[in-house]
Asker: 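My structure is below; once you've seen it, I'll send some questions.
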Amino acid sequence: MSDATQPTQATEIAAAVRQVLGDSLGYLYPAALRVALRTDIAGHLTDGPKTAAQLAELTGVHAPSLHRVLRFLATRGIFREDTDSAFHLTPAAHVLRTDVPYSVRSTALLLTDEMYWKSTGRLEDTVRDGSTAFNDIFGAPLFDYLDQNEESARTFHTGIADLSAIEQGGIAASYDFPATGKIIDVGGGPGGFLRTVLANNPGLHGVLYEQDAVLQQHQLDDEAIAGRWETAEGNFFDVAPTGGDIYVLKRVLHDWSDDDSLRILQAVRKAMSDQARLLVVDAVVPPGNDPHPAKLYDVAMMTIFDGKERTEPEFKELLAAAGLRLVRVIPTPGTVSILEAVTA
Ligand SMILES: C[S@@+](CC[C@H](N)C(=O)[O-])C[C@H]1O[C@@H](n2cnc3c(N)ncnc32)[C@H](O)[C@@H]1O
């Protein structure tokens, strides 16, 4: 029996074998990236190229090992080695710097933190029985674990806030906010997105609804929005503040299972008047085989949170179950979309 997908040519077989073996060692890439992040190689290259020996001297690490890691990263476009063995910044290396507005350094430190890689190492358990690997390894669901582990909480919230800082301008500009009214950001983190929306829309007032520990780190003390915001502490599974014209759930629902997401949506639905709108801001999984960040993050979500990235029909169904109607899906310049919903 012949199968059209079976490689027959030696070159095809060699390419398939090379792909699978390369993918089998794919975990080396985030490990190497983490070394570069932790030693701040990008920061040390800001004032010009340096050899691995010079970088090792500056960072206090083993020079030959650092050279091998940087040579490997250069194969992925992070740093470039010249013929004099000096390493240079590349566009992908620049985003690892701390001193640029588009820095993903803290987000990459979060995504390569043991909270993520240890959980991903147990992906097979998650697939076999549907359990959340993080909970087994760390002894509690992620947000409960963060309550007890200050350093991990700092790593998590800084990584998420810095990711938000990069995308929030594009998201805020993608939606036509009303000239007046109240916006309530449910699970809004330290409030970077709310601050951006309020700064762009001087007639709006805002409420940052979060857990107490996160509210203590809020970023709303900004002259541009003075007197137009307040914070509210609470549990979004139980209740959401009333009186909002626009409710926002940005990068929240993907942390949770359908059952838990439904509880959050029901709490928000209960708080909404018939004129209010809900903006769910999350990645939407597209159909087809093409790569998309949502398909990547989706696999991480199942080992860490019992969460998931969703397709548009899945969002529509979830919203409908909470008494909400999906009106439209608005793309943003980043990986997330704005799903606008009204009361059904
Ligand atoms: C992935 S973060 C997203 C933060 C922010 N919306 C953003 O896009 O950057 C999820 C947020 O949900 C908050 N959260 C988790 N459980 C919560 C609860 N039970 N009640 C209120 N907020 C909660 C967390 O503190 C965290 O800031």
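One-based numbering, in listed order, for ligands and for the atoms of each. In this chain, numbering begins with 1 at the start of the sequence shown.
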Asker: Please tell me whether Glu81 and His67 have a donor and an acceptor in their side chains that are separated by less than 3.5 angstrom.
Answerer: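 Present: a donor and an acceptor within the cut-off.
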Asker: Looking at Lys308, Arg310, His254, which hits side chain to side chain donor-acceptor pair (under 3.5 Å) with Ser261?
Answerer: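 One option only clears the test, and that one is Arg310.
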Asker: May I ask you to identify, for Phe236, whether its side chain, its backbone, both or neither come under 4.0 Å of ligand 1 on a heavy-atom basis?
Answerer: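 Phe236 to ligand 1: contacts from backbone and side chain alike.
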Asker: Can you name the residues that form a side chain to side chain contact (heavy atoms under 4.5 Å, CB included) with Gln148, not counting sequence neighbours?
Answerer: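 Gln148 satisfies side chain to side chain contact (heavy atoms under 4.5 Å, CB included) with no other residue.
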Asker: Should the pair Arg76 and Tyr29 be classed as cation-pi, given the thresholds of under 6.0 Å to the six-membered ring centre and 45° from the axis?
Answerer: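 Relative to the ring axis of Tyr29, which defines the angle, Arg76 lies inside both limits.
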Asker: Which protein non-hydrogen atom lies closest to atom 7 (C) of ligand 1, naming both residue and atom, and how far is it?
Answerer: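 Looking at atom 7 (C) of ligand 1, the protein heavy atom closest to it is Lys250 NZ, 3.6 Å.
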Asker: Run the contact test for Gln168 against ligand 1 with a 4.0 Å cut-off on heavy atoms, strictly below, and give the result.
Answerer: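 Outside the 4.0 Å threshold, so no.
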Asker: Give the contacting part of Phe237 toward ligand 1: side chain, backbone, both or neither, where contact means a heavy-atom distance below 4.0 Å.
Answerer: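 Only the side chain of Phe237 comes within reach of ligand 1.
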Asker: For atom 10 (C) of ligand 1, which protein heavy atom lies nearest, and how many Å away is it?
Answerer: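 Atom 10 (C) of ligand 1 sits closest to the protein heavy atom Asp255 OD2, 3.5 Å.
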Asker: Under 4.0 Å from any heavy atom of Val214, which atoms of ligand 1 are there?
Answerer: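 Once the distances to Val214 are compared, the set is 25 (O).
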Asker: Cluster partners of Tyr175, using ILVMFWY side-chain heavy atoms under 4.5 angstrom, listed by chain and number?
Answerer: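 Answer for Tyr175: Ile171, Phe177, Ile183, Phe193, Leu194, Val197, Leu198, Leu204, Leu208, Leu215, Leu220, Ile225, Trp229, Ile246, Val248, Leu279, Val281, Ile330, Val336, Ile338.
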Asker: Touching ligand 1 at all, Gly234? Heavy atoms, strictly under 4.0 Å?
Answerer: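 It does; at least one heavy atom falls under 4.0 Å.
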Asker: Mind checking whether Tyr102 and His94 have ring centres under 6.0 Å apart?
Answerer: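 No, they do not, as the ring centres are separated by 6.0 Å or more.
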